[in-house]
Amino acid sequence: MKFDMPLHELKEYQGTNPKPRDFDEFWERGLQELSRQSLEYELIPAKFTSRVAECYDLYFTGVGGARIHCQLVRPKNQIGQGPGLVWFHGYHVSSGDWVDKLGYAAEGYTILAMDCRGQGGLSIDNSQVRGTTLKGHIIRGIEEENPEKLYYRQVFLDTVQAARILFSMEHVDVDRVGVYGASQGGALAIVCSALEPKIKKTVAVYPFLSDYKRAWDLDIANSAYEEIHYYFKFIDPNHEREEELFNKLGYIDIQHLAERVKSQVLWAVGMEDQICPPSTQFAAYNKIQSPKQLKVFYEYGHEHIRTFGDKAHSFFSDLLDK
């Protein structure tokens, strides 16, 4: 079922959600705060074991004092420095099973897979904010006057800290690090690449967290953006704060960060995706100025896309070459 713009219009679409006037200053302040965070971390051997990789639970302290958990999977018997990948997971869930990382580790990659605060993994969301905590993280902190209280502001900074921790490891070559994610994870891959210019390769699969106003203009009641619908229905039913809401969401809209991406990008979009509609994705993709490839899957929605895993693997393979 086709419900969004035709492809030729999508390729020209530049987004709907407003960009706050102080957007760049907002993120520069965030990066300055992050620069004061320690890159120290705690490693605990995982209960899961493998013949090809060493597996650890890694913990670091993120902005605001939150304890952030990652899975660290590194090749056994590695000689010298090798490539690294930072992985980000989808909305609500976690960094997943250890076994998912073993194929890449067997080839020489070190993988750091981060759990987002307060979702399905072990990371802790310690923020105290006004307003609802019932329905979703997009609107967590939206009732605060200061946009620096937004949940995703902290998560976006966590992605950069995770990448910098991976850079700091003696066995990882800082010039051969990529990022990968799907849905929320795809958004975080773009964010990490935008805020940390040392990232060399980015794979983003149908990214979330883009062009909120466009998502609202479509039927989002049953999409990943449903909490915006919830906000209006139960908190602002007369839409008296609609302009304020979308302006504030602009601070955490990946389309406004996309132009800062310096890495090579591989992006997958399903043209029948009603969870993260294609137009919301193209709003960000079209703003990327670095080398990029778009893979369009015409009959796919927000689901596992056959063949794309192989394409991502091939895309990252350059990182294996010193």
Side-chain angles (χ1 to χ4, degrees), residues 17 20 26-27 30 62-70 87-96 113-162 181-192 194-195 204-216 220-236 241 244-257 275-277 280-281 284 302:
N17 202 90
F26 175 85
W27 283 108
V63 293
R67 184 169 168 84
I68 306 301
H69 170 261
C70 304
W87 286 18
F88 304 109
H89 63 76
Y91 203 23
H92 302 155
V93 294
S94 71
S95 46
M114 188 189 85
D115 285 341
C116 291
R117 302 173 178 220
Q119 295 191 20
L122 300 178
S123 295
I124 297 171
D125 177 15
N126 65 337
S127 61
Q128 296 182 348
V129 295
R130 292 188 299 170
T132 182
T133 59
L134 174 64
K135 194 70 172 178
H137 282 144
I138 292 175
I139 59 173
R140 184 163 174 78
I142 204 75
E143 293 289 295
E144 296 281 355
E145 183 177 350
N146 185 351
E148 293 182 356
K149 293 287 190 177
L150 289 167
Y151 167 85
Y152 272 112
R153 186 257 192 190
Q154 325 311 345
V155 175
F156 286 9
L157 294 175
D158 289 340
T159 71
V160 181
Q161 192 172 356
S183 196
Q184 174 186 251
L188 298 183
I190 294 297
V191 166
C192 185
L195 296 176
V205 185
Y206 39 64
F208 182 35
L209 305 174
S210 183
D211 203 7
Y212 301 100
K213 184 66 165 60
R214 171 62 181 171
W216 168 250
I220 63 165
N222 295 307
S223 79
Y225 297 94
E226 64 175 341
E227 58 209 69
I228 301 175
H229 179 271
Y230 167 87
Y231 177 85
F232 284 128
K233 185 172 182 177
F234 293 104
I235 298 172
D236 184 23
R241 299 179 60 189
E244 176 188 349
L245 174 81
F246 286 116
N247 187 72
K248 195 171 288 186
L249 290 178
Y251 289 107
I252 54 169
D253 188 332
I254 68 167
Q255 68 166 316
H256 302 321
L257 284 167
I275 304 300
C276 295
T280 66
Q281 298 181 50
H302 207 75

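Values below: all heavy atoms of this structure, side chains included; hydrogens, waters and symmetry mates excluded. Only a predicted model underlies this, so the values are computations on that prediction, with no experimental measurement involved.
In this structure, CD1 on I142 lies 10.0 Å from CD1 on I235, to the nearest 0.5 angstrom. A distance of 8.0 Å separates CH2 in W27 from CD1 in I252, rounded to the nearest 0.5 Å. Separation of atoms CG (D211) and NE2 (H256) is listed at 7.5 Å; rounding is to 0.5 Å. Note that the CZ atom of R214 and the CZ atom of F246 stand 12.5 Å from one another [nearest 0.5 Å]. Atom CD1 of I228 sits about 6.5 Å away from atom CG of L245, to the nearest 0.5 Å.
Residues that satisfy the side-chain hydrogen bond (donor to acceptor under 3.5 Å, both in side chains) test with E148, not counting sequence neighbours, are R29. With sequence neighbours excluded, the residues that form a side-chain contact (heavy atoms from CB on, under 4.5 Å) with A284 are S210, I254, Q255, A258, W267. When the side-chain hydrogen bond (donor to acceptor under 3.5 Å, both in side chains) test is applied to S183, the partners found at least two apart in sequence or on another chain are H302. Legend: residues meeting side-chain contact (heavy atoms from CB on, under 4.5 Å) with F234, ordered by chain and number and at least two apart, are Y230. Every residue two or more places apart in sequence or in another chain was checked for a ring-ring contact (aromatic ring centres under 6.0 Å, His included) with H89, and none qualifies. Residues satisfying the side-chain contact (heavy atoms from CB on, under 4.5 Å) test with E244, not counting sequence neighbours, are R241, K248. Partners of S95 by side-chain hydrogen bond (donor to acceptor under 3.5 Å, both in side chains), not counting sequence neighbours, listed by chain and number: D115. In this view, Y225 and F208, Y212 satisfy the ring-ring contact (aromatic ring centres under 6.0 Å, His included) rule, not counting sequence neighbours. Checked against ring-ring contact (aromatic ring centres under 6.0 Å, His included), F26 has the following partners two or more places apart in sequence or in another chain: Y251. With sequence neighbours excluded, no residue satisfies side-chain hydrogen bond (donor to acceptor under 3.5 Å, both in side chains) with K149.
Scanning both residues, E144 and V129, for their nearest heavy atoms gives OE2-CA, 3.3 Å. The nearest pair of heavy atoms linking G186 to P207 is C-CB, 3.8 Å. A pairwise comparison of heavy atoms in G181 and A189 identifies N-CB, 4.1 Å as the closest pair. Taking both residues in full, the closest heavy atoms of I68 and I124 are given as CD1-O, 4.5 Å, listed atom of the first, atom of the second, then distance.
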Take W216 and L249, measure what side-chain contact (heavy atoms from CB on, under 4.5 Å) needs, and give me the verdict at the end.
CA-CA 12 Å; W216 168 250; L249 290 178; over 6 Å; no
Start with the C-alpha gap between L195 and L257, add the side-chain angles, then the distance that decides, and say whether side-chain contact (heavy atoms from CB on, under 4.5 Å) holds.
CA-CA 8 Å; L195 296 176; L257 284 167; 3.8 Å; yes
Can you list the steps and then say if Q184 with H137 is a side-chain contact (heavy atoms from CB on, under 4.5 Å)?
CA-CA 11 Å; Q184 174 186 251; H137 282 144; 5.6 Å; no
Please evaluate residues V155 and V191 with respect to the criterion side-chain contact (heavy atoms from CB on, under 4.5 Å), reporting the C-alpha separation (whole Å), side-chain torsions for both, the decisive distance (0.1 Å), and the verdict.
CA-CA 10 Å; V155 175; V191 166; over 6 Å; no
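Applying the salt bridge (charged side-chain N to carboxylate O under 4.0 Å, His left out) test to every pair with at least one member in residues 220-231, sequence neighbours left out, gives these pairs: K135-E226.
For the side chain to side chain contact (heavy atoms under 4.5 Å, CB included) criterion with C116, the lone passing option out of F88, Y91, Y151, Y152 is Y151. Of the options R117, R67, R140, a salt bridge (charged side-chain N to carboxylate O under 4.0 Å, His left out) to D125 is made by R140 and by none of the others.
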